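As structure tokens, the structure follows; a few thoughts come after it.
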Amino acid sequence: DTEVTQTPKHLVMGMTNKKSLKCEQHMGHRAMYWYKQKAKKPPELMFVYSYEKLSINESVPSRFSPECPNSSLLNLHLHALQPEDSALYLCASSQETWGNTIYFGEGSWLTVV
Amino acid sequence: QKEVEQDPGPLSVPEGAIVSLNCTYSNSAFQYFMWYRQYSRKGPELLMYTYSSGNKEDGRFTAQVDKSSKYISLFIRDSQPSDSATYLCAMSDNTNAGKSTFGDGTTLTVKP
């Protein structure tokens with residue numbers, strides 16, 4: 001079983017809603033990530049947090065807003081999304097940002113209607 | 001041309017067969033090579049991790065890395081229906097693990 005826990009597993013939201021995805025890891029990892037995965041495609045990196053600071057934003061639209069309240073938690077705040085944002089959102093973590101493998105959570109399935 | 005090319009599949013084999021999954025890459029800076037297994041509607045699960053060239057074995061799974069040819073493989077022996085999934089290769093250099101470059105995945109079906 002993965003040690004990266006994501007909630008909710010499924011989320012349906014309207015284009016005017018505000019919602020959040022949550023992620024938690026208890027492996028003591030100092031790097032955490034958000035990925036987006038569309039059907040039959042590999043995961044695409046969105047954000048990287050290292051030691052609770054945002055280190056990489058892969059030119060993600062501002063309607064996605066990440067937050068790292070502490071070293072174990074990572075949130076993704078969603079606002080004014082578009083139907084094309086419907087996807088599997090994956091949280092992941094690694095010991096550090098360099099030279100380490102990343103461990104994924106089970107993902108949150110997001111549908112924007 | 002993509003940095004990582006993965007045999008597209010889909011691949012269908014009978015139970016008990018040996019499966020070979022392959023990726024090629026063009027970036028000489030890649031040093032870390034991973035294989036992930038992803039079941040339908042689930043997150044990717046790390047299967048194998050190899051640093052630099054060589055072989056690594058874990059139960060029925062063997063990962064091979066040939067840096068001179070820029071080629072990596074995952075072998076599955078005695079394949080089982082539970083191995084039916086999409087397999088993703090991933091690679092990274094020594095800068096940011098999260099910026100791993102993924103192959104597009106190969107979908108494997110093992111038929112009983």
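Convention: sequence-line order gives letters A, B, ...; per-chain numbering from 1. Note that the structure is predicted; figures quoted are calculated from it, not measured.
Residues A:Y103 and B:Y49 keep their aromatic ring centres 6.0 Å or farther apart. Between B:F33 and B:Y25, a ring centre-to-centre spacing shorter than 6.0 Å is recorded.
B:K2 and B:D104 are joined by a salt bridge, as a carboxylate oxygen and a charged side-chain nitrogen come within less than 4.0 angstrom of each other.
Ring pair A:F104/B:Y36 is perpendicular by interplanar angle, where above 60° counts as perpendicular and below 30° as parallel.
Using a 4.5 Å cut-off between heavy atoms, A:E44 does not touch chain B at all. Looking at B:Q6, there are no atoms closer than 4.5 Å to chain A (heavy atoms on both sides), in backbone or side chain. Interface remark: A:Q6 contributes no atoms to any contact with chain B (heavy atom separation under 4.5 Å).
In terms of heavy-atom pairs under 4.5 Å with chain B, the best-connected choice from A:P42, A:A31, A:A39 is A:P42.
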